[in-house]
Amino acid sequence: MTYIKIPLSKINPDAMLPADIYLCLNEKYVKFKNLGESLGKEKYDNFMSKGIKFLYIDTKDEEKFLRWVDDKSAQEIEALVNQAGEANRDIITASKTMQETIYDVFSDQELDLEKVDRLQSNVEEFVDKMRSNEQYSKALSVLVGRSNSIASHSVAVGNLSVYIAMSLGFGHQFALENIYLASIFHDYGKLKIPEAVLSNKNHVDYLESMHSHPDSSVLIIRKSEGIPEQVIKMIQEHHEYWDGSGYPRGLAGDTLYKNSPILCLANELEEFLSSNQDMPEVDRYKAAVDLVQDGGAVKWPPSFYPRVIEALKLGFISQRGLED
Ligand SMILES: [Fe+2]
């Protein structure tokens, strides 16, 4: 029997497999799943995080397998078009391709400049598409009307959190949309804080206002319909740290919604970069990477390391030509 490689990114973890699937261990092929079984999300994520990029099938199953991949992909696109409307077909098809690219990039062990370039153009493409998202454009126009600095901070956090999410292997359009929406909304509650308090760290009301702004963001956002619960969670938890030392609730580890640390990190990085504009560029970006490195085990989950550090070093330093 001979075997051929199948990219993991082509396999839908929930779908029934059209052929037996093999793993290659120490140059030996071991049957892993039978025809008719599914891979399962957990196994899939496990392979992804170990950098396993390929599974194997019997060469004679190749044509059947490729037809299955095309059918599955077409079915998924149809299901999404049914939900979102025919007008969104192009966006949905493009995001499917993006999802596969991200999975491909992620399942390689090492990131390099070329991959980071690809990730960044995916971020741009994604953000561009978000302009047609109604919740996003409404939220942004409210922000721009009320506070330019919160608006530009939120947009920058959005770009950064999508970049971090993609570098961690998030390719699913809805997961990314939720992360982006949460970034745009996260500081809404600050619009309620008087400027005199917000701009003065020594003001008697400063700490209390800061501690309550995630919850007040949530209160405002709950008034608009159709905001997914995942978005609400991320907003509520955007100042919570992995070790429980954040605010307002001091939630720790797995009690946090799993994507909240992405927004928390993007928010801190953006805050650091924008409030240290007077530093030389090279020092500023290096210090930003250090901030993530030093926050490991305390502020952010172990799953961020070393991948996020790699992605930021490449995106912040190497791409800008800021190496020593
Ligand atoms: Fe905040």
Side-chain angles (χ1 to χ4, degrees), residues 130 135-136 138-165 177-224 227-252 255-277 288 291-292 294-295 298-301 304 308 312:
M130 281 303 283
Q135 284 162 337
Y136 162 72
K138 263 195 215 156
L140 193 61
S141 66
V142 170
L143 281 177
V144 170
R146 299 281 298 280
S147 162
N148 256 328
S149 64
I150 296 181
S152 60
H153 165 70
S154 307
V155 169
V157 170
N159 291 342
L160 209 46
S161 55
V162 167
Y163 176 67
I164 294 168
E177 267 179 26
N178 286 344
I179 290 170
Y180 195 73
L181 280 179
S183 308
I184 297 301
F185 284 124
H186 76 285
D187 272 349
Y188 246 52
K190 279 192 182 167
L191 297 174
K192 297 246 176 202
I193 307 174
E195 189 49 40
V197 178
L198 201 57
S199 58
N200 178 7
K201 288 191 172 165
N202 299 317
H203 195 285
V204 283
D205 294 333
Y206 182 82
L207 267 185
E208 162 59 25
S209 311
M210 284 310 286
H211 274 242
S212 57
H213 86 272
D215 282 345
S216 33
S217 297
V218 168
L219 274 180
I220 304 170
I221 285 143
R222 281 216 190 270
K223 288 182 191 145
S224 21
I227 306 288
E229 208 46 41
Q230 294 93 317
V231 175
I232 305 270
K233 277 266 176 249
M234 282 183 263
I235 296 167
Q236 201 158 40
E237 297 172 1
H238 78 269
H239 287 287
E240 300 284 6
Y241 291 144
W242 188 249
D243 69 344
S245 62
Y247 63 85
R249 292 182 179 75
L251 299 176
T255 56
L256 290 163
Y257 168 57
K258 67 180 169 64
N259 295 346
S260 298
I262 295 177
L263 176 55
C264 178
L265 172 60
N267 179 47
E268 280 204 17
L269 275 175
E270 206 294 311
E271 224 155 68
F272 176 83
L273 289 170
S274 60
S275 54
N276 288 288
Q277 305 262 13
L291 190 127
V292 187
D294 300 343
V298 177
K299 292 182 173 180
W300 298 292
F304 280 16
V308 173
L312 292 176

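Just so you know, ligand 1 is whichever comes first in the structure, and atom 1 is the first atom listed for that ligand. Keep in mind that this is a model prediction, so the values were computed, not measured.
From His153, atom NE2 reaches atom OG of Ser275 across 10.0 Å, with rounding to the nearest 0.5 Å. Here the CG atom belonging to Asn259 is positioned 8.5 Å from the CD atom belonging to Gln230, to the nearest 0.5 angstrom.
Rounding to the nearest 10°, we obtain 90° for the angle at the Fe ion (ligand 1) between His213 NE2 and His239 NE2.
For Lys233, the NZ atom sits in a loose shell: 12 or fewer heavy atoms of surrounding residues, nucleotides or ligands are nearer than 6.0 Å.
Of all the N, O or S atoms in Asp187, the one closest to the Fe ion (ligand 1) is OD1.
Put simply, His186 stays out of reach of the Fe ion (ligand 1), with no N, O or S atom under 2.8 Å from it.
Across His211, Gln236, Glu237, a single residue satisfies side-chain contact (heavy atoms from CB on, under 4.5 Å) together with Arg249, and that is Gln236.
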